[in-house]
Amino acid sequence: MKSNIEAFLDLVKERNGHEPEFLQAVEEVAETVIPYIVKHDIYYGKNILLRMVEPERLISFRVCWVDDSGEIQVNRGYRVQMNSAIGPYKGGLRFHPTVNASILKFLAFEQVFKNSLTTLPMGGGKGGSDFDPKGKSDNEIMRFCHAFMSELFRHIGPNTDIPAGDIGVGTREIGFLFGMYKKLNNEFTGVLTGKGMSWGGSLIRPEATGYGNVYFAQKMLETKGDTIEGKSVVVSGSGNVAQYAAEKVIQLGGKVLTLSDSSGYIYDEEGIDTDKLKFVMELKNVKRGRISEYLETYPNAKFVKGKTPWEVKCDVALPCATQNELHEEDAKTLLNNGCICVSEGANMPSTKEAIAAFHKAKILFAPGKASNAGGVATSGLEMTQNSLRYKWTREEVDNKLKDIMADIHQSCIEYGKDEDGYVDYVKGANIAGFVKVADAMLAQGIV
Ligand SMILES: NC(=O)C1=CN([C@@H]2O[C@H](COP(=O)(O)OP(=O)(O)OC[C@H]3O[C@@H](n4cnc5c(N)ncnc54)[C@H](OP(=O)(O)O)[C@@H]3O)[C@@H](O)[C@H]2O)C=CC1
Ligand SMILES: N=C(CCC(=O)O)C(=O)O
């Protein structure tokens, strides 16, 4: 006799069998939310979760553009409008050669629960393209973004769907996307977030995901009477999330030992301090270089080619690169080395087996939908400022971000604390995110 969970997952696999990342995200939610549904009549027998896993809309479109050598290029663009029960679709755009429907459906599904946790009125969506920005000139990036938006614009709007950044989409790309939207619609609105400071952006938005991740880690450590101060911290990635997670760790007195990119990781035993981080930001954001170039300026550091940083002994791990970058063996290595806290900055960076190892060891483990929600939360605050036609100070936005991360942490405890007092933040985040969306869906009928 199949369990409720097995029966549900078989149904979802039938419809989405060729989408492993999406099924991975759905399985994690189903294993925690279905037992809750079974115990609460209001949700039972309504196929609420089955409705949630089916996107309200999935748009795929062709993007043609001309590169600097005059060659005509063809890419595929997407927007997954997953769920709008509690607000307009909200979620990033990812430009990376690995982008496909499975990747964007997993990201959009995660976004539904994440955005619900922020307490702000935002539904879930995600989009992007298999376009690879690496090695492209600014003019090629601009021509691609303009071509991409010349199709996407008909499907989005400030009260419909508000995209933002993600892997491969930063302020430069948002600028080109916004410029084309404004031209085609002849309106200046908050249709994108992550905008520049002189054209509607919010202070703290660039820092928000990384800062929020560390604020969440700090709240988890405080439940043990502990703190980031004095801790050794391993960070993966060296993009937007990783850079500002590292910055906040340094500000709070932690010692950042690593950063990485897809070619490998650097290990700086002395610690990556403020000056070294400034160098990394210039290297990655301006020169668009590789993390291995760090050694040209800091020769005492090590570059480990083709590996991820989880073999480095640390107290706290912050995976801030990409999905499924931290496997079961990596988790066991971290645990054997004494790691006490993992706070995900990326979306779904830990595999199912890695999460099981963390839970078995009963360490502090935060899933990205909770601990990386600071980015989209601050996007929500950007939308609020745009609606007010007003701009808050850094301190005002940062304090709101801290409060939101504290609220998310409290929600995880409310729904995730087990009988033995251990907080299963995965269960807590999934149930807390589910309840608000499910209540709205029930109220709005079968649509
Ligand atoms: N930006 C945001 O607002 C938010 C982002 N996130 C998530 O955080 C993570 C990082 O995003 P963000 O910092 O914005 O992106 P960036 O493009 O700024 O940086 C991505 C980083 O991850 C590395 N990376 C990407 N793909 C791989 C891969 N397959 N293997 C190893 N390393 C890889 C990149 O290295 P390389 O340069 O070599 O590709 C780069 O260092 C993603 O999972 C994203 O979905 C979550 C919440 C908000
Ligand atoms: N890429 C993001 C940020 C989305 C947003 O700011 O709308 C995410 O939450 O994964």
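First listed ligand is number 1; within each ligand, the first listed atom is number 1. Everything numeric in this text was worked out from a predicted model, so none of it was measured.
Remark: D166 engages R94 in a salt bridge, criterion side-chain N to carboxylate O under 4.0 Å. With respect to E31 and K352, a salt bridge is recorded, a charged nitrogen being found less than 4.0 Å from a carboxylate O.
Other residues, nucleotides and ligands contribute over 12 non-hydrogen atoms within 6.0 Å of the CD atom of Q444.
Looking at ligand 1, you'll find an N or O of D166 within less than 3.5 Å of one of its N or O atoms. Where the criterion is an N or O separation shorter than 3.5 Å, residue side chain and backbone included, N372 fails it with respect to ligand 1. In terms of N/O distances under 3.5 Å, ligand 1 is not approached by D261. At a 3.5 angstrom cut-off on N or O pairs, S262 counts as close to ligand 1. Note: no N/O pair closer than 3.5 Å links S263 and ligand 1 by distance alone. Looking at V241 next to ligand 1, an N or O pair under 3.5 Å apart turns up. Taking any N or O of N347, backbone or side chain, at least one lies under 3.5 Å from an N or O belonging to ligand 2. Backbone and side-chain nitrogen or oxygen atoms of G165 are examined, and one is located within less than 3.5 angstrom of a nitrogen or oxygen of ligand 2.
At a cut-off of 3.5 Å, with distance as the only test, no side-chain donor of R76 or S129 sits close to an acceptor on the other residue. Using modelled atom types, one finds a donor on one side chain and an acceptor on the other under 3.5 Å when comparing E28 with N430. For K276 and Y298, the side-chain atoms include no donor-acceptor pair closer than 3.5 Å. A donor-acceptor pair shorter than 3.5 Å can be found between the side chains of Q73 and D67.
Seen from the ring of Y267, K302 does not count as a face-on cation partner, given the 6.0 Å and 45° thresholds. Cation-pi geometry between K182 and F188 is not satisfied (NZ or CZ under 6.0 Å from the ring centre, within 45° of the ring normal). For the pair K136 and F144, the cation-pi criterion (under 6.0 Å, within 45° of the ring axis) is not fulfilled.
No heavy atom of S379 sits closer than 4.0 Å to any atom of ligand 1. Proximity of K134 to ligand 1 is established by a heavy-atom distance of less than 4.0 Å. The closest approach between A321 and ligand 1 falls below 4.0 Å for a heavy atom of the residue. Assignment of G168 to the shell around ligand 1 is supported, since a heavy atom sits closer than 4.0 Å. At least one heavy atom of R290 sits closer than 4.0 Å to an atom of ligand 1. In this structure, R94 counts as a contact residue of ligand 1, since one of its heavy atoms falls inside 4.0 Å of the ligand. Between R205 and ligand 1 there is a heavy-atom distance shorter than 4.0 Å. Heavy atoms of H96 come nearer than 4.0 angstrom to ligand 1 in at least one pair.
Distance from atom 7 (O) of ligand 2 to its nearest protein heavy atom, with residue and atom name: K90 NZ, 2.5 Å. Nearest non-hydrogen protein atom to atom 1 (N) of ligand 1 is N240 OD1, 3.8 Å. Scanning all protein heavy atoms for the shortest distance to atom 4 (C) of ligand 2 gives G92 N, 3.5 Å. The protein heavy atom nearest to atom 15 (O) of ligand 1 is I167 CA, 3.5 Å. Shortest contact from atom 41 (O) of ligand 1 to any protein heavy atom: S238 N, 3.0 Å. Closest to atom 21 (C) of ligand 1, if we only count protein heavy atoms, is G239 N, 4.1 Å.
The only member of H155, E56, Q111, R79 that meets side-chain hydrogen bond (donor to acceptor under 3.5 Å, both in side chains) when paired with Y89 is E56. Paired with I156 under the rule side chain to side chain contact (heavy atoms under 4.5 Å, CB included), one option of I59, I162, L177, V191 passes, and it is V191.
The ligand atoms of ligand 2 that sit less than 4.0 angstrom from a heavy atom of Q111 are 8 (C), 9 (O), 10 (O). Each of the atoms 41 (O) of ligand 1 lies under 4.0 Å from some heavy atom of S260. Residue K126 approaches ligand 2 through these ligand atoms, each under 4.0 Å from one of its heavy atoms: 1 (N), 2 (C), 8 (C), 10 (O). Close contacts between ligand 2 and S379 involve ligand atoms 5 (C), 6 (O), 7 (O) [criterion: under 4.0 Å to a heavy atom]. Close contacts between ligand 2 and K114 involve ligand atoms 8 (C), 9 (O), 10 (O) [criterion: under 4.0 Å to a heavy atom]. In summary, the atoms of ligand 1 found under 4.0 Å from a heavy atom of C320, numbered by their order in the structure, are 9 (C), 10 (C). Here is the list of ligand 2 atoms found below 4.0 Å of a heavy atom in A164: 5 (C), 6 (O), 7 (O).
In this structure, the side chain of N372 engages the main chain of A346 through a donor-acceptor pair within 3.5 Å. Under a 3.5 Å cut-off, the side chain of E140 and the backbone N or O of D68 do form a donor-acceptor pair.
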* Asked: Where do E54 and R51 land on the salt bridge (Lys or Arg N to Asp or Glu O under 4.0 Å) test, with the steps shown first?
  -> CA-CA 5 Å; E54 192 59 36; R51 289 189 254 167; over 6 Å; no

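Contacts of R205 with ligand 2, taken as heavy-atom pairs under 4.0 Å, involve the side chain alone.
Looking at T322, I291, L107 and measuring to atom 27 (C) of ligand 1, the nearest heavy atom belongs to T322. Comparing heavy-atom distances from atom 4 (C) of ligand 1 across N347, N213, T98, T209 singles out T209 as nearest. Closest heavy-atom approach to atom 8 (O) of ligand 1 within the set A377, G165, A346, G289: this belongs to A346.
Using a 4.5 Å heavy-atom threshold, the side chains of Y294 and V280 count as touching. The shortest side-chain heavy-atom distance between N337 and E311 does not fall under the 4.5 Å cut-off.
Distance check: D330 CG to T351 OG1 gives 8.0 Å after rounding to the nearest 0.5 Å.
By the 30° and 60° cut-offs, the orientation of the rings of H409 relative to Y425 is tilted.
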